[in-house]
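Only one structure is covered here, and it is reproduced in the block below.
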Amino acid sequence: MGERPVMVWKNTIEQAYMQKPLLHVEHLEICRTGVRASGSESKPLLRDVNFSVYPGEIVALTGPSGCGKSLTAHAIAGMLDPGVVVTQGCIYYNGEDIIQFHEQRWQRLRREEIALLIQQSLSGLNPIRTVRAQLTDTLRLNGGRLMRAQKELGQADAAPSHTASQPQGVLSRMRLMLNRVTELAGGRTIPGQEAYLCSLLRKVGFADPEHILSSYPFELSGGMCQRVLLAAMLSSGPRLFIADEPTTALDVINRDKVLALLLQLREDFDLTILLISHDRQGISRIADRVLEMTPEGRMQP
């Protein structure tokens, strides 16, 4: 990465408050289809949620299970389940109300501006395609953003690493078969893409990115797959990154590693981060602000 001025993040956040919020949620209410704000026997899933996130901040949204934290995250990314809709309120991203976006505009927003890392990261990867093939597909979707991102990350991060030995036995035969399928379907990278993908994987904590690129998701742990998916999301150069329970089911050591990684990624990629978690004690160590929701789906006063 190129030279950047050294700044204390506290001062950076204070400067951010002088700007307009990057994300502003106002009186947000979410219901199931047919359930309205008034005259309904069913209670809204989420009601009167208000908060703002300023550029460069890490804001944590916490609360008990079932209070609507993940629902809020999915609403911001335009990924509510069928039958669940926003019935009141606004979600402003960069000053524009995005609730009324049609699907094409939502897809563009998710591709270029907002990234959502879900809890079930394994479901975001195709088990029978290599990491290289899947990340290459992501780069193709992002088009011209590759060259800008390469410049930001710097080629120093793209030094080659040693490739681990191939697995033996049944896995080896499976790999040979899948590799042949991948070759027939495309999924090869050009040198610039390969260097960029290696640099991205190093940024998310992989010491041997070339080995990861040649691996299939079924050969990686859940935590490794989560980091691969994180790298895929970062390849698009998002401004707002939403991490939904990224430390769930992790021990204390690995939890702290993930939180430290988010801090580093904020600096490396100029990210604004909305962190969803029920672990208030853990996230309070890295968050600039912690917002709490009540069991009824409201914001804590």
Side-chain angles (χ1 to χ4, degrees), residues 110-111 115-142 146 149-150 153 157-236 238 241 243-262 264-265 268-269:
R110 290 192 294 266
R111 188 167 63 243
L116 171 61
L117 182 66
I118 60 175
Q119 297 180 45
Q120 300 83 11
S121 56
L122 280 173
S123 64
L125 297 172
N126 187 329
I128 60 171
R129 300 193 72 214
T130 63
V131 170
R132 176 183 285 104
Q134 296 184 64
L135 291 184
T136 301
D137 286 347
T138 302
L139 291 183
R140 290 194 185 104
L141 286 173
N142 295 331
L146 171 60
Q150 280 180 309
L153 284 175
D157 289 337
S161 58
H162 299 290
T163 302
S165 59
Q166 297 293 323
Q168 303 299 315
V170 176
L171 281 181
S172 180
R173 292 193 295 273
M174 184 181 296
R175 284 181 57 83
L176 289 173
M177 178 185 70
L178 291 174
N179 285 343
R180 180 57 180 158
V181 172
T182 298
E183 288 177 5
L184 293 173
R188 295 182 178 180
T189 59
I190 61 176
Q193 289 177 333
E194 187 85 3
Y196 176 48
L197 292 180
C198 284
S199 67
L200 271 177
L201 291 174
R202 283 194 182 89
K203 289 291 186 183
V204 297
F206 288 113
D208 192 357
E210 291 180 349
H211 171 57
I212 300 301
L213 285 173
S214 64
S215 298
Y216 292 90
F218 63 80
E219 298 176 306
L220 306 176
S221 68
M224 295 169 80
C225 285
Q226 185 184 55
R227 281 185 283 156
V228 167
L229 196 60
L230 175 55
M233 293 176 176
L234 293 175
S235 71
S236 68
F241 179 69
D244 188 4
E245 297 285 4
T247 60
T248 297
L250 296 179
D251 57 40
V252 174
I253 294 176
N254 285 315
R255 180 195 68 188
D256 289 346
K257 286 182 179 179
V258 169
L259 296 177
L261 175 61
L262 290 176
Q264 186 62 45
L265 292 176
D268 291 345
F269 291 88

Give, for atom CZ of Phe218 and atom SG of Cys225, the distance between the pair rounded to the nearest 0.5 Å.
-> 10.5 Å

Taking all non-hydrogen atoms of both residues, which atom of Ser235 and which atom of Leu139 are closest, and how far apart?
-> CB-CD2, 4.0 Å

Can you tell me how far CG of Leu234 sits from CG of Leu229, rounded to the nearest 0.5 angstrom?
-> 10.0 Å

Taking the side chain as C-beta and beyond, is there a heavy-atom pair between Tyr196 and Leu135 under 4.5 Å?
-> no

Closest contact, heavy atoms only, Leu213 versus Cys198 | CD1-SG, 3.8 Å

Minimal heavy-atom distance between Arg129 and Pro217, with the atoms involved, is O-CD, 3.3 Å

Reported CG-to-CE distance for the pair Leu230 and Met233, which is rounded to 0.5 angstrom = 7.5 Å

Quick one: NZ on Lys257 to CD on Gln264, what's the gap to the nearest 0.5 Å?
-> 15.0 Å

State, to 0.1 Å, how close Leu201 and Ala231 come at their nearest heavy-atom pair, and which atoms those are.
-> CD2-CB, 3.9 Å

Can you check side chain to side chain contact (heavy atoms under 4.5 Å, CB included) on Gln134 and Thr138, steps first, answer last?
-> CA-CA 6 Å; Gln134 296 184 64; Thr138 302; 5.8 Å; no

State, yes or no, whether a side-chain contact exists between Glu219 and Met224 at a heavy-atom distance under 4.5 Å.
-> no

Between Ser215 and Leu220, which heavy-atom pair has the shortest distance, and what is it?
-> CB-CD2, 4.0 Å

Heavy-atom closest contact (Pro246 atom, Leu262 atom, distance) | CG-CD1, 4.4 Å

Test side chain to side chain contact (heavy atoms under 4.5 Å, CB included) on Asp268 and Lys203 and set out the steps.
-> CA-CA 8 Å; Asp268 291 345; Lys203 289 291 186 183; 3.6 Å; yes

To the nearest 0.5 Å, atom CD1 of Ile118 lies from atom CD of Gln226 at 10.0 Å

